[in-house]
Every structure is written in structure tokens, then in C-alpha cells.
Amino acid sequence: MSDEATASPITGVFTLNPRMIEVRDFSFWYGAKQAIFNVAMNIPERKVTAFIGPSGCGKSTLLRNLNRMNDLIDGVRHEGDILLDGQSLYDPSVEVISLRKRVGMVFQKSNPFPKSIYENVVFSLRVAGRNKRSELDEVVETSLRHVALWDEVKDRLHESAYGLSGGQMQRLCIARAIANRPQILLMDEPCSALDPIATLKIEELMSQLKEEYTIVIVTHNMQQARRIADDTAYFLLGKLIEHAPTSDIFTNPQRIETERYISGQMG
Amino acid sequence: MAPLFKSKPTPPHGEPFVWLGAMGLAVGVIMVAGLFILILSNGLSVFWPARVVEFKLKDGSIVAGEIVREQVQAGGAKELQIHTGNKDVYGLAYRFVAETDIVSRSEPPGYLMVGRIEYGNAILQPVSLVLGDGTTVKADATTFDDRLQSLVKEAAARRRQIEKVEKVEIGAINRKMTASDVELRALERDSKLDAEHREKRKLAIKNSTATLQKEYETLAAQARDLRAAQNRDFLNYRLATGEERKESAGNLMMFYHPNSLGFFGRVEIFFSRIWEFLTEQPREANTEGGIFPAIFGTFVMTLMMCVLVTPFGVIAAIYLREYAKQGLIVRAVRISVNNLAGVPSIVFGVFGLGFFVYTLGAAVDQQLFSDALPTPTFGTGGIFWASLTLALLTLPVIIVATEEALVAVPRGIREAALAAGASKWQTIQRVVLPSATPGILTGVVLAMARGAGEVAPLMLVGVVKLAPSLPLDTVAPFFHLDRKFMHLGFHIYDLGFQSPDSDAAKPMVFATALLLILLVIVMNLAAILLRNRLRKRYAIGTF
Ligand SMILES: Nc1ncnc2c1ncn2[C@@H]1O[C@H](COP(=O)(O)OP(=O)(O)OP(=O)(O)O)[C@@H](O)[C@H]1O
Ligand SMILES: [Mg+2]
């Protein structure tokens with residue numbers, strides 16, 4: 001990290017919290033359809049945790065519950081609980097907006113706003129009422145440097161974000177997600193639309209970011225999970241099959257389903 | 001060996017439908033283009049200075065005028081429509097002559113086409129100018145044209161002077177007098193005032209009224225003198241019939257020699273007539289002069305309608321689409337809004353008259369303009385009520401377009417905004433609305449096109465044949481929402497169907513229709529340009 005001065009108070013805690021996100025016996029329904037079955041897991045702080053599993057197994061659903069994005073869908077229902085630093089996300093006293101300020105999210109399809117590059121990056125600050133020019137300028141520069149985009153766009157910060165390439169847009173979206181320094185970064189297949197070079201850049205970025213952020217990433221790319229994840233969780237049909245350090249999962253899987261999936265016999 | 005492909009390919013499916021579609025489009029385009037060309041040629045030919053032809057008829061009479069068109073009658077006989085001008089003598093400015101009645105035609109160079117303030121054009125042979133100082137300039141003198149030209153110029157200068165004195169200066173005095181009148185009446189009614197104070201105020205008002213009266217008299221005398229000067233010099237002339245007449249110089253606006261004018265001279269007159277048409281007030285029951293008040297009225301009303309309807313429509317659509325719980329009630333509301341678009345516009349006019357003018361307007365008068373009662377201020381049709389009525393009429397267009405635009409905003413950017421910690425309203429305001437703006441502007445374009453062409457409801461809520469003043473001027477409060485106004489669409493109706501001399505009015509009908517179309521095109525183009533600029537900025541990029 002280049003600038004400790006702006007580090008959020010969270011990074012001041014140096015003892016690792018192995019149960020930063022605690023999923024307790026969590027089940028989830030879209031209407032009558034159950035998408036998640038009694039999942040229980042702990043996601044440690046300042047590490048990269050990868051969710052893998054075949055399409056439709058509920059990875060995105062679980063991820064989107066971590067910042068309660070699924071609240072927006074009509075007719076959803078859940079059982080069990082998810083705790084963040086020991087506090088329930090579903091506690092009536094929890095304000096969804098302040099929760100989402102602590103939990104940034106990057107989507108599979110890049111989704112920049114119809115605004116300038118600059119305004120895209122500072123969006124989360126602006127909606128929080130932080131409008132000081134000097135602060136915003138600094139945030140734009142550090143965020144864009146983080147995602148290795150600064151040199152490419154520093155001369156056209158005030159041009160539309162839609163003028164960027166696909167990979168640049170995705171990096172812009174990551175910069176936007178880390179601009180207000182959330183504690184947790186949720187990434188749903190962030191590299192699925194990128195070329196290998198852009199993918200590599202984002203992977204480098206993640207290994208840098210994990211010094212400061214807790215990262216949860218959904219990926220279909222086994223190699224990627226292997227390269228960047230500290231822990232890996234394998235899901236199948238809405239159930240958590242195995243959750244272990246990445247090296248264990250890939251070299252010595254405990255369950256037969258996991259082994260078949262990572263060896264490419266299924267999925 | 002069997003061939004890999006059939007040698008004769010079967011026609012692809014759907015081809016006939018493509019042809020049908022193309023034909024439908026072609027028919028539509030041809031009809032629109034034809035209509036436009038018809039209006040364009042008819043509308044523009046009004047301004048082109050034609051030659052004056054002199055006809056000798058069988059009965060020995062002579063007719064001179066511009067040939068407007070030839071038409072074949074039911075029996076196959078040909079008939080000429082001739083613009084003879086001189087309405088003051090002939091009664092009508094146009095007449096029809098059967099071709100069989102014509103003995104001979106010629107184009108003698110001596111004719112002069114003279115534009116006049118009253119009675120329209122005159123086609124005449126000049127005889128002489130009789131000036132106020134007693135001198136006479138014969139028509140064959142070399143200086144005749146120059147003298148006539150300078151007389152026309154002087155007359156125009158005096159006309160402007162008279163207008164300034166009568167409309168601006170005397171108008172200002174009149175306004176002050178009305179104001180003191182109103183104050184006087186208010187004093188009478190105010191029972192709380194003690195008698196001494198009241199008398200003092202009354203005296204002061206009387207004094208100021210007296211000075212105003214004096215000022216008025218000097219101005220009126222000035223105007224009288226100017227008017228007298230307009231009738232000092234005369235043009236003596238002879239008509240084709242041989243009758244000799246005279247016209248005071250003050251009534252002349254312009255003149256030209258229709259039969260000895262070169263091409264560029266004609267072009268110059270063509271454009272000066274167009275300019276006059278665009279910038280002048282109408283005269284002679286709207287059949288002469290320009291239509292500036294109607295252009296301006298249409299423009300202001302349409303703009304005001306947009307300003308009123310857009311925020312309402314957008315807010316309603318946001319509520320319907322983003323906040324209201326999607327269910328039976330919302331669906332019913334949506335269907336009702338869509339059906340509102342099919343209600344005949346005259347119904348909106350009746351509603352505007354009954355609710356806006358008679359109910360709201362009367363209430364506003366009671367509250368704010370009670371001093372002026374029983375003369376209504378807002379309790380009668382006016383540009384504001386007309387705009388509001390049309391805003392109501394075009395509301396469904398905006399609501400439907402905005403809803404469509406909101407639905408089309410990609411889900412991804414809404415989620416991104418919410419995930420960044422924005423509230424629902426912040427998301428709508430900062431992300432959804434900017435992306436939807438091009439779509440909303442499309443709705444505004446459609447609403448504008450619909451509103452600008454509407455005539456029926458306006459007749460009930462404030463449009464008039466001839467408005468004495470514009471809704472926007474330099475007298476406080478500058479924007480006169482209560483004023484009646486003129487409108488191009490109503491002007492077309494009035495000229496074409498309510499005019500005593502429909503032949504005289506027909507050219508103006510075409511020219512006005514052309515202008516209405518151009519105005520709508522220009523306003524739409526402006527909105528479309530704005531939309532395209534926004535669209536470039538907000539276009540959703542893809543990989
Ligand atoms: N909005 C929704 N409404 C109803 N069912 C949904 C919705 N979103 C997802 N589902 C269902 O929930 C299940 C889990 O979906 P989810 O998107 O979490 O899968 P995923 O593991 O992310 O798959 P992928 O790898 O293809 O993204 C699927 O069966 C899916 O059909
Ligand atoms: Mg998914």
C-alpha cells in the first residue's frame with residue numbers, strides 16, 4: 001500500500017479476524033424455489049476467498065446476500081443468518097445503505113454510470129455527501145492507480161466513461177467499488193469478459209488489495225482460483241460441499257464431488 | 001453425382017412481406033413529400049412578383065392583373081383566376097374570367113404594383129404625384145420613381161412615429177390612469193381609513209390624473225399632426241378600366257414595375273415580401289400583412305406547454321414505475337393514462353374552459369385581481385390556460401415515453417449505484433434519470449408535435465383572431481400569462497374558412513401552413529439535436 005495515511009480504521013486492527021463474515025445455517029428462496037441450502041461458513045479477514053461451482057449452484061445468490069442486494073428482488077425469503085464482525089446483517093437496526101458502504105461490489109458485466117470517468121469513481125463519496133474537491137481529486141488518483149488505470153485515463157478524466165474499452169471499464173468499476181474504502185469487496189466473475197492481459201492486471205490488483213480488503217470472488221476459472229485465492233469454497237446445487245485453503249482443495253480434495261469438478265469431469 | 005445444392009433456389013421466406021413493407025413506406029413517404037411540395041410551392045408562390053397582364057374582353061372592358069391559375073370547369077371551358085387588386089374599387093381582389101371571353105392579352109410596361117396599408121394591393125397606371133407644397137410630378141418625368149420612393153419612405157417613418165406615440169407613450173399614460181382609477185376605487189371601499197386621510201389621497205390622485213391628462217393631450221395632438229401629414233401628398237393614378245383615382249402617400253407601403261423588373265429585382269421583392277410576412281402584424285382581416293403575432297404566439301405557447309408538462313409527466317412516470325407497488329391499481333392507472341391519449345382534443349378544451357378558466361381563473365381573479373372585477377383577468381381564456389390545457393392533452397405522451405425510458409435503463413447500473421451505497425432516490429436522480437433523458441426527450445418531441453398542431457381546444461381557452469398585443473413585451477411584468485394570443489393553426493382555420501374573401505385568403509393559408517410546418521420542424525429538430533448530444537454522452541457501451 002502506497003499511502004497508509006488514508007487507510008481506514010479497519011486496517012489498523014492487525015490481528016486477523018478469521019470470522020469476519022460468518023454465514024450461519026443460511027438458506028435462501030426465490031419465491032418457491034430454494035437456491036441455497038443450509039450453508040455455514042466463515043470468511044476470514046484480509047484474504048481472498050473464491051466461490052467455485054457449476055452454473056446455477058447459488059454462488060452469485062450467496063454473494064449478493066452479503067450486501068443484501070437480493071433485497072431488491074420481489075418474493076425472496078431467507079432462513080439462518082449472516083454476521084459481519086459479529087453483527088447480523090438482517091438485524092432490524094442495520095441500515096442497508098451503511099452496510100453497502102462497508103461492502104463494495106463488482107459485477108460480472110461492467111456497468112459504469114452515464115457520467116465522466118471522474119464522477120464514476122467518486123460516486124460513492126458523492127452520495128455520502130462528501131464533496132470536498134481536494135479529497136475527491138485524491139481519491140480519484142489513488143483509486144485509479146490501484147487498478148492501474150491512472151496512466152491510461154489521467155488526461156481524459158472528465159470524458160464519458162463509455163469511451164473506455166471493456167477491460168478499462170471493468171477496472172473503472174473496481175476503482176469505483178474501492179473508492180470509499182469498504183472493508184469487504186465482493187466480485188462476481190469480474191474477469192469473465194476480459195482478455196488474459198487485463199485479467200492478469202486485475203489478479204495482480206487483487207493480491208495487492210487483499211492486504212487491506214477482504215475479498216470474495218466468484219469465478220469459473222480454476223486456474224484463477226488457484227492463482228489468487230487463499231481459501232476456496234465449492235458449491236453444488238445450492239449446498240456448500242467443501243471449504244478449505246486453496247492448496248488443499250486443489251491437491252487434496254476431501255469430497256469426491258469436489259475432485260470430479262476440479263479435475264474437469266463435471267461442470 | 002447428385003448436385004450438392006438445388007440449382008434453382010427456392011425464394012427465401014418473408015420476401016413478399018419485405019416488399020409489402022417497402023411499398024407501404026414508399027407510399028407514406030410519397031404522400032408526405034407530395035403534401036409538403038404542394039404546400040411549399042403554393043406557399044412560396046404567394047411571394048413571387050408575377051407579371052401584370054392586360055386582357056381585352058368581348059364586352060369591351062379591360063381587366064389587368066396577375067394570373068393566379070387556370071382551371072378547367074365542368075363543361076371543359078377554361079377559366080382564369082386573376083388577381084386584380086384594388087379591392088376598394090372592385091370589391092374583391094380576385095376575379096374569374098372565362099377564356100372564351102378574352103379577345104386579346106398584352107403586358108404593357110406602364111403598370112405599377114403598389115402595396116397599401118388599407119385595401120391591399122393596387123394595380124395601376126400612375127398619372128402624377130401631387131405634393132403638399134403644390135408641385136406636381138408627372139409620371140413620365142425621370143424623377144418620378146425616386147420621388148415616389150422617398151414619399152413611401154417618409155410615410156413609413158411617420159407610421160412608426162405614430163405607432164410609437166399612440167401605442168407606447170399614450171399606452172403608458174393609459175396604464176397609469178387605469179392604475180389610479182383602481183386605487184381610487186380601492187380607497188372608496190377601504191372602510192378602515194379615516195376621512196381626512198382619504199380625502200388627501202384622493203386629491204393627490206386627482207392631481208396626478210390631471211397632469212397625465214395634459215400629457216395625453218399634447219401626445220394626441222402630436223399624433224393628429226402626424227396623421228394629417230400622412231394625407232398631405234397624393235398619387236394620382238388610372239385603373240385599367242380608365243377610372244382616375246387618387247391615393248394619399250401615407251397609405252403606400254411599397255411599389256414596383258411588375259413588367260419591367262429583372263430577375264434579381266424579382267428575387268429581391270420575393271425575399272422582402274417573405275420578410276414582411278414573417279415580421280409584420282396582420283392587416284385587412286388577416287388577409288394582408290404578416291403573421292408575426294401568430295408565429296410568436298404558437299412558439300411561446302408550445303414552449304410553455306413543454307415546460308409545464310415535462311416535469312409533471314416525468315414525476316408521474318417515476319412514481320408509477322419506480323415507487324408505486326406494481327399491482328392492479330397501478331395497472332388500471334396506466335391503462336387510464338394511455339386511454340387519455342385517445343380522448344378527442346375538444347374534450348380537453350371543454351375541460352380547460354370549465355375548470356381552468358371558469359373555476360381556477362375566477363378564483364384567482366377573486367383573490368388577486370378583485371380590483372379589476374368585473375373585468376376578468378385570468379377568468380377568461382389566455383395563453384397560460386391554453387398551455388395548461390395542451391399540457392394536460394400531451395401528458396400521456398410524456399408519461400408513456402418516460403416509463404419506457406425508465407424500463408430501458410439497464411439493471412446493472414441501478415444495482416451498481418445501490419451497491420455503492422446510494423439510496424433509492426439518489427439512484428434515480430443521479431443514474432437512472434440521466435440515462436433515461438434521451439428517451440424522455442423523445443417524448444417531449446412527440447408532445448411538442450402534437451401540441452403545436454392542435455387547434456380545437458385552443459379556440460375555447462384563449463386563441464383569438466387578432467390579438468392586440470403579444471404575450472411577451474417590455475412592459476412589466478413582461479410575461480403576460482393572462483393575455484389572449486394568436487396561433488398559426490387557428491390562423492389557418494380562420495383565414496381559410498371564416499374569411500369574407502376566401503380567394504384573397506387562400507395564398508395566406510398556404511403560406512401559414514408552410515410556416516406552421518416549418519416551426520414544428522425547427523422546434524423538433526432542436527429537441528432532437530439536444531437528445532442526440534445527450535445520447536452520445538449516455539450511450540451504453542458494449543464490449
Ligand atoms: N432473480 C431470480 N429469481 C428466481 N430465481 C433465480 C434468480 N436469480 C437466480 N435464480 C436461481 O437461483 C439459482 C442460483 O442462481 P445463481 O445466480 O446464484 O447461480 P450462480 O452459481 O451464480 O450461477 P452462474 O455461475 O451461472 O452465475 C439458479 O437456479 C437460478 O435459476
Ligand atoms: Mg452467477
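Convention: sequence-line order gives letters A, B, ...; per-chain numbering from 1. No hydrogens, no waters, no symmetry mates; every other heavy atom, side chains included, goes into these values.
Atom CD of residue B/Glu415 and atom CG of residue A/Leu72 lie 6.5 Å apart, to the nearest 0.5 angstrom.
The local environment of OH in B/Tyr323 is crowded, with over 12 non-hydrogen atoms from other residues, nucleotides or ligands closer than 6.0 Å. Within 6.0 Å of the CG atom in A/Asp91, the count of heavy atoms belonging to other residues, nucleotides or ligands exceeds 12. Within 6.0 Å of CZ on B/Arg411 lie no more than 12 heavy atoms contributed by other residues, nucleotides or ligands. In this structure, A/Tyr30 places its OH atom where more than 12 heavy-atom neighbours from other residues, nucleotides or ligands lie under 6.0 Å away.
Of the two parts of B/Arg414, neither the backbone nor the side chain holds a non-hydrogen atom closer than 4.5 Å to a non-hydrogen atom of chain A. Interface remark: A/Val106 contributes no atoms to any contact with chain B (heavy atom separation under 4.5 Å).
Among residues 20-32 of chain B, no residue has any heavy atom closer than 4.5 Å to a heavy atom of chain A. Contact annotation for residues 416-428 of chain B against chain A (heavy-atom separation below 4.5 Å, listed by residue number): B/Ala416, B/Ala417, B/Leu418, B/Ala419, B/Ala420, B/Gly421, B/Ala422, B/Ser423, B/Gln426.
For the pair B/Ile413 and A/Pro114, the minimum side-chain heavy-atom distance is below 4.5 Å.
Between chain B and the options A/Arg126, A/Glu159, A/Glu119, the largest number of non-hydrogen pairs under 4.5 Å is found for A/Arg126.
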